[in-house]
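These notes concern the structure reproduced below.
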Amino acid sequence: MASHLTALNNGQTIPAIGLGTWQSKPNEVARAVEYALKAGYRHIDCAWAYGNEKEVGEGLRASGVPREEVFITSKLWGTYHRRVEDCLDQTLANLGTTYLDLYLVHWPIAMNPNGNHPVMPMRPNGNRDIDESWDIIYTWKSMEAMVKKGKVKAIGASNFSQTVLERILPTAEIIPAVNQLEIHLYNPQLKLLDYLKSKNIVPQAYSPLGSTNSPLLTDETATEIAKKHGLKSTSDVLLGYLLAKDIIVLPKSVTPSRIESNLTGALEAYSVLTPEDIKILDGVAASGKQKRFIMPLWGIDLGFDNWPAPTK
């Protein structure tokens with residue numbers, strides 16, 4: 001079983017359910033990718049910073065699914081904003097492919113490329129070592145150049161607020177195809193979703209089930225809706241809810257049974273959830289359950305709602 005396809009603003013289509021690979025250990029992720037592709041997934045979400053793209057590539061090849069049938073996304077890391085092609089070339093080599101279907105700017109923050117760590121350079125106060133002299137509009141120009149070179153088919157954003165998008169859009173030749181965000185029942189980002197729709201930018205949800213031992217999985221409202229429709233689990237509702245809102249979901253798992261149930265359960269929930277169900281689920285966070293799980297200490301204001309003020 002494969003997920004339905006969502007249209008992007010460049011004419012491409014993208015499978016609405018992808019396998020997330022963040023925090024998947026190298027010795028687990030190859031098997032997870034192989035199993036997911038054999039189970040019907042056709043969309044794998046990767047990133048240079050995850051440190052496991054070589055193993056993702058092994059899983060792709062072991063699956064036997066032709067490269068052209070798999071939608072592969074990766075992301076530019078912060079220490080490479082001045083060297084976009086270098087980061088991309090490492091990703092392509094590790095994955096064992098000549099192109100990406102989608103390349104995202106992982107966070108809208110350039111970090112010191114000559115800092116005290118190649119991935120996460122830090123300042124003495126515990127904040128990330130930001131490259132404050134760099135402007136994100138130049139990162140985007142370099143991303144556009146990768147499309148023109150044919151190394152990527154589409155480019156997009158990740159963790160971009162409306163404020164940051166409005167920084168790059170006036171000079172952008174290519175509008176971001178997607179914006180990948182922490183979106184789930186407790187962090188629905190409704191205002192930002194409206195803005196993305198107005199700009200024809202497709203939202204993607206990472207951590208759609210929350211974090212490890214997530215309270216989302218025992219949420220009473222979602223659980224009641226799952227029972228009402230005879231769905232197998234609350235997670236089906238959590239994923240189907242986002243699909244019903246035209247959000248691409250990227251659940252992460254390395255467990256075969258969970259990889260398969262995330263796909264089949266999400267599609268089943270998508271087919272039965274009603275507009276009234278969606279309205280009820282949209283109101284859960286505002287009822288006192290608003291919660292983000294992913295909030296790195298960048299030390300600058302990213303422009304998001306429900307994000308703690310930065311410490312200097």
Side-chain angles (χ1 to χ4, degrees), residues 1-8 12-75 88 90-104 106 151-156 158 177-178 180 202 204-209 232-233 235-236 238-240 242-243 247-271:
M1 178 184 288
S3 72
H4 61 281
L5 300 174
T6 296
L8 299 177
Q12 273 180 278
T13 56
I14 180 172
I17 303 173
L19 179 74
T21 59
W22 181 44
Q23 294 182 329
S24 293
K25 297 172 185 174
N27 61 341
E28 298 174 336
V29 73
R31 291 193 299 273
V33 168
E34 179 184 359
Y35 185 85
L37 291 171
K38 288 179 176 178
Y41 283 76
R42 289 297 180 268
H43 176 186
I44 308 295
D45 184 77
C46 316
W48 181 92
Y50 298 168
N52 57 12
E53 289 187 321
K54 192 168 285 188
E55 290 77 14
V56 170
E58 291 171 6
L60 288 165
R61 290 184 290 279
S63 74
V65 177
R67 164 68 185 93
E68 61 271 16
E69 293 181 17
V70 184
F71 193 102
I72 303 176
T73 300
S74 189
K75 307 177 191 78
L88 174 59
Q90 291 178 49
T91 282
L92 294 174
N94 284 330
L95 291 171
T97 184
T98 57
Y99 71 96
L100 292 178
D101 297 278
L102 178 62
Y103 198 40
L104 309 181
H106 204 149
K151 290 188 172 186
V152 301
K153 291 187 175 182
I155 52 176
S158 179
V178 309
Q180 188 176 130
V202 172
Q204 294 186 323
Y206 68 76
S207 299
L209 302 175
K232 293 183 180 69
S233 73
S235 64
D236 297 347
L238 297 174
L239 296 173
L242 298 176
L243 289 178
I247 299 168
I248 292 165
V249 295
L250 304 167
K252 172 257 171 178
S253 181
V254 294
T255 307
S257 60
R258 175 57 65 189
I259 290 170
E260 188 166 2
S261 66
N262 281 342
L263 178 62
T264 58
L267 292 173
E268 186 178 356
Y270 171 72
S271 71

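Note that this is a predicted model, so its numbers are computed, not measured.
- Note that CG of L267 is 6.5 Å distant from CG of L243, once rounded to the nearest 0.5 Å.
- Considering every non-hydrogen atom in both K38 and S63, the closest pair reads CE-O, 3.8 Å.
- N262 has its side chain within reach of Y41: a pair of non-hydrogen atoms, C-beta onward, lies under 4.5 Å apart.
- At a threshold of 4.5 Å between non-hydrogen side-chain atoms, the residues K232 and T264 do not count as touching.
- With rounding to the nearest 0.5 angstrom, the NE2 atom of H4 is 11.0 Å from the CD1 atom of I14.
- Panel note: side chain T97, backbone Y99; a donor-acceptor pair is recorded below 3.5 Å.
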task: Test side chain to side chain contact (heavy atoms under 4.5 Å, CB included) on D101 and R67 and set out the steps.
output: CA-CA 10 Å; D101 297 278; R67 164 68 185 93; 3.0 Å; yes
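- Tested against V56 for a side chain to side chain contact (heavy atoms under 4.5 Å, CB included), the candidates D45, L19, V33, I72 yield a single pass: V33.
- Using a 4.5 Å cut-off on side-chain heavy atoms (C-beta onward), K153 and L100 make no contact.
- The nearest pair of heavy atoms linking K54 to R61 is O-NH2, 4.3 Å.
- The OG atom of S233 sits 9.5 Å away from atom CD of E268, with the distance rounded to the nearest 0.5 Å.
- Across all non-hydrogen atoms, the minimal contact from L263 to G40 is CD2-C, 4.1 Å.
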task: Walk me through it: do K75 and Y50 pass the test side chain to side chain contact (heavy atoms under 4.5 Å, CB included)?
output: CA-CA 10 Å; K75 307 177 191 78; Y50 298 168; 3.2 Å; yes
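- The aromatic rings of W22 and Y206 lie perpendicular to each other, with more than 60° between the two planes, well past the 30° mark.
- Residues H43 and T73 form a side-chain contact, since some pair of their non-hydrogen atoms from C-beta on lies under 4.5 Å apart.
- Atom CG in L250 sits 10.0 Å away from atom CD1 in I17 (nearest 0.5 Å).
- Heavy atoms only, all atoms of each residue included: A32 and S253 are closest at CB-O, 3.9 Å.
- At distances below 3.5 Å, not a single donor-acceptor pair connects side-chain atoms of N52 with backbone N or O atoms of V29.
- A 4.5 Å side-chain heavy-atom check between K151 and Y103 finds every atom pair outside the cut-off.
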message: Test side chain to side chain contact (heavy atoms under 4.5 Å, CB included) on L37 and I44; report intermediate values, then the result.
response: CA-CA 9 Å; L37 291 171; I44 308 295; 4.2 Å; yes
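- You'll find the side chain of R42 reaches within 4.5 Å of the side chain of V65, heavy atoms only.
- Taking NZ from K252 and CD1 from I259, the interatomic distance works out to 9.5 Å, rounded to the nearest 0.5 Å.
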- request: Report the C-alpha distance between Q180 and L102 in whole Å, list the side-chain angles of each, state the deciding distance to 0.1 Å, and finish with yes or no for side chain to side chain contact (heavy atoms under 4.5 Å, CB included).
  value: CA-CA 11 Å; Q180 188 176 130; L102 178 62; over 6 Å; no
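- To the nearest 0.5 Å, the span separating OH on Y270 from CG on L239 amounts to 13.5 Å.
- What you find for S74 and A47 is that their closest heavy atoms are OG-CA, 3.5 Å.
- If you check the side chains of N94 and T91, you find no donor sitting under 3.5 Å from an acceptor.
- Summarising the geometry of A16 relative to T6, their closest heavy-atom pair is CB-OG1, 3.8 Å, with the distance given to 0.1 Å.
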